[in-house]
Amino acid sequence: MSSAERKRVVFGVLVAALIVQGCQSAAVQQGADREPPSILTAAREVMFASGHCALITLGQDGRPQARTMDPSPPDADMVVTFVTNPATRKVAEIARDPRVTLYYFDEASPGYVTILGRAVAVDDPAEKQRRWLEKWSPHYPGGATSAAMYEVIPERIEVVSIAHGIVGDEVRWLPPAIELEP
């Protein structure tokens, strides 16, 4: 069994154990008894713990394209900033269709966050400099001026966090979600 398969099995067993033990009612699993700040708090913690995320765009052929990114932490509105080489495929893919997905996974808790939103280019040099993170500098010797910068404006946030007792419904495994205005 591969490492990825073991992780899926462990995650599935933990979710099943919580459901079987009756730790969560169906209403709580669906998020009905949770205020958005509880879900957002869990989302932030999962995002910070995972550090990296997968950025998913739609390729020229319409197929999803995923790659690992080292984004900024989410801001107060859950907006995430990332940078990339201006010559990459993802820049053309975002220009063609700005709908993107960010996927964070925290193996330790376990939990995940999926942000569905729109990528918007950050072109203003002063704004790019303000948002620039030192961790990006080794990859972009010219700093903010040599990188394409985007912010992902979230439209929907899905969260599963075993540590916070936030899990999907027991039948369809739909995660609790928050719909945000675009």
Side-chain angles (χ1 to χ4, degrees), residues 2-15 18 29-31 34 36 38-85 88-122 131 133 135-136 139 148-169 172-180 182:
S2 73
S3 174
E5 290 170 326
R6 279 194 300 278
K7 289 176 189 174
R8 282 193 297 272
V9 168
V10 168
F11 186 75
V13 167
L14 287 171
V15 170
L18 282 174
Q29 290 170 351
Q30 293 173 7
R34 296 226 177 244
S38 297
I39 292 174
L40 290 178
T41 297
R44 287 179 191 285
E45 289 182 19
V46 169
M47 293 166 76
F48 279 109
S50 65
H52 292 83
C53 70
L55 167 69
I56 302 157
T57 58
L58 295 174
Q60 188 170 2
D61 61 359
R63 297 178 73 168
Q65 304 292 314
R67 68 276 285 162
T68 302
M69 301 297 293
D70 189 7
S72 72
D75 72 8
D77 295 320
M78 297 298 286
V79 172
V80 174
T81 301
F82 70 88
V83 296
T84 189
N85 180 326
T88 61
R89 290 179 300 155
K90 67 181 100 30
V91 170
E93 291 165 356
I94 291 169
R96 195 171 34 260
D97 188 339
R99 294 175 300 164
V100 299
T101 299
L102 299 178
Y103 176 77
Y104 296 80
F105 175 66
D106 176 18
E107 180 180 1
S109 75
Y112 73 85
V113 172
T114 302
I115 297 178
L116 295 94
R118 297 202 173 267
V120 177
V122 178
R131 293 184 190 205
L133 299 178
K135 68 180 181 176
W136 296 330
H139 307 288
M149 181 179 283
Y150 293 89
E151 63 180 9
V152 176
I153 311 297
E155 296 172 351
R156 178 181 174 88
I157 301 173
E158 299 176 348
V159 182
V160 169
S161 174
I162 303 299
H164 291 87
I166 300 173
V167 297
D169 75 55
R172 296 182 299 158
W173 291 9
L174 292 173
I178 298 173
E179 298 287 339
L180 302 167

Anything under 3.5 Å between a donor and an acceptor, one on a side chain of residues 73-81, the other on a protein residue two or more places apart or in another chain? List them.
from : atom 1 : to   : atom 2 : distance (Å)
D75  : OD1    : D77  : N      : 2.8
D75  : OD1    : M78  : N      : 3.1
D75  : OD1    : V79  : N      : 2.9
T81  : OG1    : R131 : NH1    : 3.2

### Query
For residues 42-67, which residue pairs qualify under salt bridge (Lys or Arg N to Asp or Glu O under 4.0 Å), counting only residues two or more places apart or in two chains?
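Matches after skipping sequence neighbours: R67-E93.
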
Closest heavy-atom contact between [X] and [Y]?
X: R96; Y: L58; answer: NH2-O, 4.1 Å
X: P175; Y: V159; answer: CB-O, 3.9 Å
X: L102; Y: C53; answer: CD2-SG, 3.9 Å
X: A49; Y: D106; answer: CB-OD2, 3.4 Å
X: P71; Y: G51; answer: CD-O, 3.6 Å
X: S109; Y: I162; answer: O-CB, 3.8 Å

### Query
Hey, is the main chain of W173 close enough, under 3.5 Å, to the side chain of D169 for a donor-acceptor pair?
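Between the backbone of W173 and the side chain of D169 there is a qualifying donor-acceptor contact (under 3.5 Å).
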
### Query
Would a distance-only check, ignoring hydrogens and angles, find a side-chain to backbone donor-acceptor pair under 3.5 Å from W136 to D70?
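Present.
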
### Task
Using a cut-off of 6.0 Å, state whether more than 12 heavy atoms not belonging to E179 lie near its atom CD.
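For E179, atom CD is crowded (more than 12 foreign heavy atoms under 6.0 Å).
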
For the [atom1] atom of [X] and the [atom2] atom of [Y], what is their distance to the nearest 0.5 Å?
X: M69; Y: I56; atom1: CE; atom2: CD1; result: 12.0 Å
X: Q65; Y: T57; atom1: CD; atom2: OG1; result: 6.0 Å
X: I115; Y: L180; atom1: CD1; atom2: CG; result: 9.0 Å

### Query
What residues form a side chain to side chain donor-acceptor pair (under 3.5 Å) with T84, not counting sequence neighbours?
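Residues passing side chain to side chain donor-acceptor pair (under 3.5 Å) with T84: T88, K90.
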
### Under the side chain to side chain donor-acceptor pair (under 3.5 Å) test, residues paired with D97 that sit two or more places apart
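Listed in chain order: R99.
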
### Query
Do the non-hydrogen side-chain atoms of E151 and V120 ever get within less than 4.5 Å of each other?
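SC-SC contact between E151 and V120 confirmed.
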
### Residue pairs fulfilling ring pair (Phe, Tyr, Trp, His ring centres under 6.0 Å) with at least one residue in residues 53-84, sequence neighbours excluded
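The answer is F82-Y150.
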
#### Entry: Residues forming a salt bridge (charged side-chain N to carboxylate O under 4.0 Å, His left out) with E158, sequence neighbours excluded
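Once residues adjacent in sequence are excluded, the partners of E158 under the salt bridge (charged side-chain N to carboxylate O under 4.0 Å, His left out) criterion are R156.
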
